[in-house]
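Throughout, numbering of the chain's residues begins at 1 and tracks the sequence.
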Amino acid sequence: MRDGPDIARAAALIGDPARANMLSALMDGRALTASELAAEAGVGLPTASAHLTRMAEGGLVLPSKQGRHRYFGLAGPEVAAALEALMGLAAAHRPTRTRPGPKDPALRRARICYDHLAGELGVALCDGLLARDWLSGGGEDLKITATGRAALSDFGLDIDRIQNARRPTCRTCLDWSARRSHLAGGLGAALLARMFGLGWARRESGSRVIRFSPRGEMALKEAFCTV
């Protein structure tokens, strides 16, 4: 008798190249139509629809309807975290002859991972919060300290709302490019939303890349980072 969850089923759903491309396209937190995801996967619409049905049944994507259109998004941040970890595993073992494309440096620098900041700046943010003792612990046990609560409230975050939400307040997420942890959870999402609101950074259209202005990157480092 086997114990534990059926990881083979989830792995098989993710492992198909077309489905993997669809899931990667949803990593920036957007919801896309079946036609848009078919284009991302390079397959026909009927094939894409069949893949999406299987992934919805497997708990990887969540369909929603708006007007005449049906959209699909990742089922939750835990799916994004699993995909990010798999990307790190794949990147670590890809052939050495593979050369990064022109967008890779920007993706490594700063990108969105579902709804929080990833890449070098995301790792620096997480490191800085720990070094300043605004966070303590790690992984699923990451917690906001009393010092951090005061400082993050001063930054404009509603810590009570974040902590009372259904999702984890904060946790680490293994960064596929840096091979180290960035900050996920409700706090990670709230921090990125606040940075967007302050005009420090913007999403690059049609990409996971996040572009920080020189002023915004300086402000990020001064406010949170140790470098």
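- Remark: Arg111 engages Asp175 in a salt bridge, criterion side-chain N to carboxylate O under 4.0 Å.
- When side chains are defined from C-beta on, Leu52 counts as touching Met22, because their heavy atoms get closer than 4.5 Å.
- Under the 4.0 Å criterion applied to side-chain N and carboxylate O atoms, Asp158 and Arg194 are not assigned as salt-bridge partners.
- Taking 4.5 Å as the limit, some side-chain heavy atom of Arg211 sits within range of a side-chain heavy atom of Val209.
- Cys173 is not listed as a side-chain neighbour of Glu78, based on a closest heavy-atom distance of 4.5 Å or more.
- The shortest heavy-atom contact between Arg132 and Glu222 is NH2-O, 3.1 Å.
- Of the inter-residue distances, the one linking Leu152 atom CG with Leu157 atom CG reads 5.5 Å to the nearest 0.5 angstrom.
- In this structure the side chain of Ile14 reaches within 4.5 angstrom of the side chain of Leu60, judged on heavy atoms.
- Atom CZ of Arg54 is surrounded by 12 or fewer heavy atoms from other residues, nucleotides or ligands within 6.0 Å.
- Expressed to the nearest 0.5 Å, how far CZ of Arg70 lies from OG of Ser35 amounts to 12.5 Å.
- Cation-pi geometry between Arg202 and Phe196 is not satisfied (NZ or CZ under 6.0 Å from the ring centre, within 45° of the ring normal).
- Ring geometry for Trp200 against Phe155 counts as tilted: the plane angle lies between 30° and 60°, on a 0 to 90° scale.
- Atoms OG and CG, on Ser181 and Leu174 in that order, are 5.5 Å from each other to the nearest 0.5 Å.
- Across Leu117 and Leu192, no two heavy atoms sit closer than the pair N-CD2, 3.8 Å.
- Side-chain atoms of Leu142 and Thr169, non-hydrogen and from C-beta on, never get closer than 4.5 Å to each other.
- For the residue pair Ala41 and Ala18, the shortest heavy atom distance occurs at CB-O, 3.5 Å.
- The salt bridge (charged side-chain N to carboxylate O under 4.0 Å, His left out) contacts involving residues 32-42 comprise nothing, where partners must be two or more places apart or lie in separate chains.
- The structure places CG of Leu191 at 5.0 Å from CZ of Phe224, a figure rounded to the nearest 0.5 Å.
- When side chains are defined from C-beta on, Phe72 does not count as touching Leu62, because their heavy atoms never get closer than 4.5 Å.
- Arg171 and Ala81 make their closest contact through NH2-CB, 3.5 Å (heavy atoms, listed as atom of the first residue, atom of the second, distance).
- In this structure, Leu187 and Leu183 have side chains that are in contact, with non-hydrogen atoms separated by less than 4.5 Å.
- Between the CZ atom in Arg149 and the CD1 atom in Ile159 there is a gap of 6.5 Å [rounded to 0.5 Å].
- Hydrophobic clustering (ILVMFWY, side-chain heavy atoms < 4.5 Å, transitive): Val123 and Leu107 are in distinct clusters.
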